[in-house]
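Note sheet for the following structure.
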Amino acid sequence: NTSGISDFITKKAREDEIIHKTSVENLSFIPAGPVLQNPSELISSGILDDLISYLKSNNEYIIIDNMTK
């Protein structure tokens, strides 16, 4: 969880830097990344929409799992 969506939201990483390939063909994932202090404010800023648009244009399917502990 050293790099992920939180790094993209805080503009510390680009889309291609947070996408991790797996051993399964055509399957990648993006981890959550480090915990943010103010996640709701950053998510509501609209930057997550940019990531979703990028993923839509480069993938056939997108699965979003927002399960918390």
Side-chain angles (χ1 to χ4, degrees):
N1 223 8
T2 59
S3 176
I5 289 179
S6 60
D7 293 307
F8 178 79
I9 291 173
T10 56
K11 299 183 180 185
K12 293 179 181 174
R14 297 183 318 268
E15 298 95 333
D16 60 329
E17 295 175 321
I18 61 170
I19 298 172
H20 301 273
K21 294 191 181 290
T22 67
S23 60
V24 178
E25 186 177 351
N26 297 319
L27 178 66
S28 299
F29 74 98
I30 302 173
V35 176
L36 298 174
Q37 294 296 324
N38 54 348
S40 59
E41 291 175 27
L42 291 166
I43 290 170
S44 66
S45 72
I47 195 159
L48 195 55
D49 296 339
D50 296 337
L51 178 60
I52 299 297
S53 293
Y54 174 85
L55 294 171
K56 282 175 144 181
S57 67
N58 292 291
N59 297 280
E60 189 171 350
Y61 297 101
I62 302 169
I63 300 170
I64 300 173
D65 178 4
N66 65 343
M67 185 178 253
T68 59
K69 293 181 182 181

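Note: hydrogens, waters and symmetry copies are ignored here, and every other heavy atom, side chains too, is used.
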Under 3.5 Å donor-acceptor pairs involving side-chain atoms of residues 42-53, not counting sequence neighbours:
from	atom 1	to	atom 2	distance (Å)
Ser44	OG	Ser40	O	3.1
Ser44	OG	Glu41	O	3.0
Ser45	OG	Leu42	O	2.5
Ser53	OG	Asp49	O	3.1

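- For Tyr54, there are no ring pair (Phe, Tyr, Trp, His ring centres under 6.0 Å) partners two or more places apart in sequence or in a different chain.
- Residue Tyr61 is found outside any hydrophobic cluster, as its side-chain heavy atoms come under 4.5 Å of no other Ile, Leu, Val, Met, Phe, Trp or Tyr.
- Considering only residues two or more places apart in sequence or on other chains, Asp16 meets the salt bridge (Lys or Arg N to Asp or Glu O under 4.0 Å) condition with Arg14.
- Note that CG of Leu36 and CG of Asn38 are 7.0 Å apart. Values are rounded to the nearest 0.5 Å.
- With hydrogens and angles disregarded, no donor-acceptor distance shorter than 3.5 Å links the side chain of Ser6 to the backbone of Val35.
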- Query: Going through the distances and angles, do Ile19 and Leu55 end up as a side chain to side chain contact (heavy atoms under 4.5 Å, CB included)?
  - Reply: CA-CA 10 Å; Ile19 298 172; Leu55 294 171; 4.0 Å; yes

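- The ring pair (Phe, Tyr, Trp, His ring centres under 6.0 Å) contacts involving residues 22-50 comprise His20-Phe29, where partners must be two or more places apart or lie in separate chains.
- Judged by distance alone, with hydrogens and angles left aside, the side-chain atoms of Asp7 form a donor-acceptor pair with the main-chain N or O of Gly4 at under 3.5 Å.
- Heavy-atom minimum distance, Lys12 versus Glu17: O-OE1, 4.4 Å.
- Separating the CD1 atom in Ile62 from the OG atom in Ser28 is a distance of 11.5 Å, to the nearest 0.5 Å.
- Every residue two or more places apart in sequence or in another chain that forms a side chain to side chain contact (heavy atoms under 4.5 Å, CB included) with Val24 is listed here: Thr22, Leu27.
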